[in-house]
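As structure tokens, the structure follows; a few thoughts come after it.
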Amino acid sequence: MLCAGVDEAGRGPLAGPVVIAAVILDPARPVEGLDDSTRLSPRRRELLAGKIRDQAVAWRIEAIEVPLIDELNILQATLVGMQRAVLALRPPPGLALIDGNRAPTLACECRTVVGGDASEPAISAASILAKVHRDSLMIDLHRAFPDYGFDRHKGYPTPQHLERLRRLGPCPHHRRSFAPVRDALERSRPQARSSNCCETA
């Protein structure tokens, strides 16, 4: 029975998509050195991602953009991405191993594995593909909105990011359903109303 590992990158950031990957590894072509993507250097992740794409039986990456995250909430948007990624695998898996404790509804058997990105090779592979792809998307986003420093913090709520968010306000790729972004919007609205009042007085 074919087994797919499924993991995400980007549930916690204030900006950018959440990215989900599903991978069916080939036992005849093992990828050495798989681990939780956060334990690997960026260069090591890139090298392993290339090997995974070359040697896996099948893999799929899905990016769920900010409008759907804000519409559904981050958990439900992530589960939708997992459904899409697994559904797109060819050949289809008979079992999906999902990192964490929440699983989407799938046609195949589904099993959650807490800490699976460090213990299950297929989940580790999915973790790496998702992280590498999302980091690349955030670097592209940095080119469009360089003032926020997305190339450094990748949208996570670091002190630098929070300071820029307070000072500049949200860009179109910030998640309005996340509290720090909502707070930044609320702070900017009274200023705008005050400015309009002064202009019309």
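Please read these numbers as outputs of a predicted model, since none were measured by experiment. For the single chain, residues carry numbers from 1 onward in sequence order.
With hydrogens and angles ignored, the 3.5 Å screen pairs a side-chain donor or acceptor of Arg90 with a backbone N or O of Leu87. A distance-only check finds no donor-acceptor pair linking the side chain of Ser127 to the backbone of Ile123 [under 3.5 Å]. Distance alone, capped at 3.5 Å, is enough to place a donor-acceptor pair between the His161 side chain and the Tyr156 backbone. With hydrogens and angles disregarded, a donor-acceptor distance shorter than 3.5 Å links the side chain of Arg45 to the backbone of Ser37. When atom types are taken as modelled, the side chain of Arg175 and the backbone of Gly16 share a donor-acceptor pair closer than 3.5 angstrom. The main-chain N or O of Leu79 is never found under 3.5 Å from a side-chain atom of Arg102 such that the two would form a donor-acceptor pair. Distance alone, capped at 3.5 Å, places no donor-acceptor pair between the Arg29 side chain and the Ala56 backbone. For the pair Gln55 (side chain) and Pro30 (backbone), a donor-acceptor distance under 3.5 Å is present.
The ring of His174 has its center closer than 6.0 angstrom to the ring center of Tyr148. The six-membered or imidazole ring of His142 lies away from that of Phe145, with a centre-to-centre distance of 6.0 Å or more.
For the pair Leu185 and Arg176, the tightest heavy-atom approach, listed with the atom from each and the gap, is CD1-CG, 3.5 Å. Here the shortest heavy-atom pairing between Glu8 and Ala130 reads C-CB, 4.1 Å. Pairing each heavy atom of Leu2 with each of Pro91, the nearest pair is CD1-CG, 3.4 Å. Here the shortest heavy-atom pairing between Arg143 and Asp140 reads NH1-OD1, 2.6 Å. Closest non-hydrogen pair, Leu137 versus Pro17, comes out as CD1-CG, 3.8 Å. Taking every heavy atom of both residues into account, Pro180 and Leu162 meet most closely at CB-CD2, 4.0 Å.
Rounded to the nearest 0.5 Å, atoms CD (Glu71) and CD1 (Ile64) are 11.5 Å apart. Atom CG in Asp7 sits 7.5 Å away from atom CG in Asp36 (nearest 0.5 Å). One finds the CZ atom of Arg164 at 7.0 Å from the NE2 atom of His153 (value rounded to the nearest 0.5 Å). In this structure, CD1 on Ile20 lies 5.5 Å from OG1 on Thr78, to the nearest 0.5 angstrom. Atom CG of Leu40 and atom CG of Leu48 lie 6.0 Å apart (nearest 0.5 Å). With rounding to the nearest 0.5 angstrom, the CZ atom of Arg134 is 9.5 Å from the NZ atom of Lys154.
Criterion: ILVMFWY side-chain heavy atoms under 4.5 Å apart, direct or through other members. Under it, Val19 and Leu14 are not part of a common hydrophobic cluster. Residues Met1 and Val6 do not share a hydrophobic cluster, defined by chaining ILVMFWY side chains whose heavy atoms lie under 4.5 Å apart. When hydrophobic clusters are built by joining Ile, Leu, Val, Met, Phe, Trp and Tyr residues whose side-chain heavy atoms come closer than 4.5 Å, directly or via intermediates, Ile69 is grouped together with Leu72. There is a path of hydrophobic side-chain contacts, each under 4.5 Å, that joins Leu25 to Trp59. Taking hydrophobic clusters as Ile, Leu, Val, Met, Phe, Trp and Tyr residues chained together by side-chain heavy-atom distances below 4.5 Å, Leu95 does not share a cluster with Leu89.
Under the 4.5 Å side-chain criterion, counting only non-hydrogen atoms from C-beta, Leu97 is in contact with Cys3. Leu129 places none of its side-chain heavy atoms less than 4.5 Å from the side chain of His133. A 4.5 Å side-chain heavy-atom check between Met138 and Pro13 finds every atom pair outside the cut-off. The closest side-chain heavy-atom distance from Val80 to Glu62 is not below 4.5 Å. Leu34 has its side chain within reach of Ile52: a pair of non-hydrogen atoms, C-beta onward, lies under 4.5 Å apart.
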Notebook entry, point to check: Going through the checks in order, is the side chain to side chain contact (heavy atoms under 4.5 Å, CB included) test met by Leu106 and Gln83?
Noted result: CA-CA 6 Å; Leu106 298 171; Gln83 287 177 324; 4.2 Å; yes
Item checked: Step-by-step side chain to side chain contact (heavy atoms under 4.5 Å, CB included) determination, Cys110 to Ile98 -> CA-CA 7 Å; Cys110 191; Ile98 313 293; 3.5 Å; yes
Notebook entry, point to check: Run the side chain to side chain contact (heavy atoms under 4.5 Å, CB included) check on Leu75 and Arg11 step by step: do they pass?
Noted result: CA-CA 8 Å; Leu75 172 60; Arg11 278 184 62 177; 3.8 Å; yes
Notebook entry, point to check: Checking side chain to side chain contact (heavy atoms under 4.5 Å, CB included) for the pair Leu165/Asp183: CA distance, chi angles, key distance, verdict?
Noted result: CA-CA 10 Å; Leu165 183 60; Asp183 292 346; over 6 Å; no
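A salt bridge is defined here as a Lys NZ or Arg NE, NH1 or NH2 lying under 4.0 Å from an Asp or Glu carboxylate O, and Asp135 with Lys131 meets this definition. A salt bridge does not link Asp54 to Lys51: none of the charged nitrogens lies less than 4.0 Å from a carboxylate oxygen.
No more than 12 heavy atoms of other residues, nucleotides or ligands sit less than 6.0 Å from atom CZ of Arg43.
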